Amino acid sequence: MVFNLVVHRERLFHPAVFIACVLLALAANSSAATAARWTVVNQPARLVNGSPVLFRVTTPKPVRVLSGNWLGHEIAFSFDPNHKSWFALAGASQETKPGAYSLELHAETTAGQAISFDKKIRVERQRYPRVLLPVTVPGQYTAPSPEEQRQIAQDKETKAEILKTVTAEREWEGSFAPPVNAEISGVFGVERVFNGSVQSTHQGLDFRVPSGTEIAAVNSGRVILARPMFFEGNWVVIDHGQGLLTLYLHLSKFSVKEGDGVSKGQPIGLSGGTGRATGPHLHLAVRWQGVYLNPQVLLQLKLP
Ligand SMILES: [Zn+2]
């Protein structure tokens, strides 16, 4: 060891080696002062198409505000004083092709300087189950009456309007809680295939509950829809802010009305089998900025 050290010191003091070492040290220092001090961590660590994701970011300098762009969506970050990091919920639609996508970050330091960072995040391929659609569907839904057709058209308009909602303010806080303590009877992303082509995709999570079971809000937010619809039945939509909505379908009874503020765990209605449901169950859907995400993953995330 001693011998090696001596040799190393002799080499170091050769002028050319010395200069090279100084240059290397400078290079290492300057990269540490800029890019190296941004950190971006995603949860889940393995991100797939259809999954929600929590981004946690630390910045090289204290910043006043942090925003991002991810898969064409604008993201507003919140500051978590306990971890001295910024966080935001986002997602990747089920249609997202596997690949590395840029999370572009923009911030303004407390001194008023604009800084930015680009981090590539991998989206892996998730294969969702496929089921063959039965040949017969209840007649009511294949041939709706003119009256029903009017209702369906009106519902479609209301639905499009409601699902566009993006409230900048974050209302959710902490991890999301299951809406009911029950077995899962249908997972997210299942493709219903008829005659070899995908007819529809199951864009929610089904809980096996008998009619009349209390259903709770999965997080805090505001009720932006609570009314009956032809396909969805009695349904409630809660806006949790930052483009995140949760949808509760087929209810037998409402416990909230449009405009109500709700807190996590608060009852919003009773389960049922209203609308296009083969039987009583709760269909829970998660929508983020126009994209359906896997509720099962959202319920598992550990959130600040
Ligand atoms: Zn469902």
Side-chain angles (χ1 to χ4, degrees), residues 48-52 91 93-95 126-138 140-142 144 151-152 155-156 158-160 162-163 176-194 197-219 223-240 244-255 267-288 290-300:
V48 299
N49 54 312
S51 173
S93 73
Q94 196 174 346
E95 295 74 38
Q126 171 79 47
R127 289 187 194 282
Y128 290 95
R130 289 190 150 199
V131 291
L132 295 181
L133 209 65
V135 180
T136 52
V137 190
Q140 187 189 1
Y141 300 105
T142 48
Q151 199 199 331
I152 291 166
D155 286 358
K156 202 176 161 188
T158 308
K159 191 174 171 177
I162 283 295
L163 295 185
F176 285 67
V180 66
N181 188 8
E183 194 188 320
I184 304 297
S185 55
V187 296
F188 171 87
V190 177
E191 292 173 326
R192 297 178 175 116
V193 180
F194 184 71
S197 64
V198 177
Q199 296 294 306
S200 66
T201 305
H202 189 232
Q203 291 171 312
L205 180 66
D206 292 339
F207 291 88
R208 195 188 304 279
V209 280
S211 204
T213 308
E214 202 159 78
I215 303 302
V218 293
N219 213 316
V223 177
I224 55 170
L225 186 135
R227 64 176 82 168
M229 286 206 182
F230 187 75
F231 291 115
E232 290 82 4
N234 296 326
W235 74 318
V236 169
V237 178
I238 299 176
D239 177 6
H240 302 286
L244 195 77
L245 313 177
T246 51
L247 289 56
Y248 310 77
L249 276 67
H250 314 305
L251 302 178
S252 60
K253 185 177 176 287
F254 295 109
S255 312
I268 55 154
L270 300 179
S271 63
T274 54
R276 187 167 72 171
T278 46
H281 73 282
L282 173 72
H283 174 102
L284 171 74
V286 171
R287 185 109 168 148
W288 174 73
V291 170
Y292 281 106
L293 299 175
N294 189 343
Q296 234 169 343
V297 179
L298 183 69
L299 293 172
Q300 285 162 1

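Numbers here simply count residues along the sequence, with the first being 1. What you see is a predicted model; the values in this text were computed from it and never measured. All values below come from the heavy atoms of this structure, side chains included, with hydrogens, waters and symmetry mates left out. One-based numbering, in listed order, for ligands and for the atoms of each.
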Practice prompt. Kindly give the heavy-atom pair with the smallest separation between Lys253 and Asn234, and that separation in Å.
Written response: N-ND2, 4.5 Å

Anything under 3.5 Å between a donor and an acceptor, one on a side chain of residues 293-300, the other on a protein residue two or more places apart or in another chain? List them.
residue, atom, partner, partner atom, Å
Asn294, OD1, Gln296, N, 3.0

Practice prompt. State plainly whether the residues Arg276 and Glu232 are in salt-bridge range, i.e. N to O under 4.0 Å.
Written response: no

Fill in: Angle at the Zn ion (ligand 1) (to 10°), with one arm to ND1 of His283 and the other to NE2 of His202
110°

Fill in: N/O/S from His281 sitting under 2.8 Å away from the Zn ion (ligand 1)
no

Item to complete: Would you list the pairs meeting salt bridge (Lys or Arg N to Asp or Glu O under 4.0 Å) in which at least one residue belongs to residues 199-219, sequence neighbours left out?
Response: Glu183-Arg208

Discussion item. Among the N/O/S atoms of Asp206, which is closest to the Zn ion (ligand 1)? Give the atom name.
Written reply: OD1

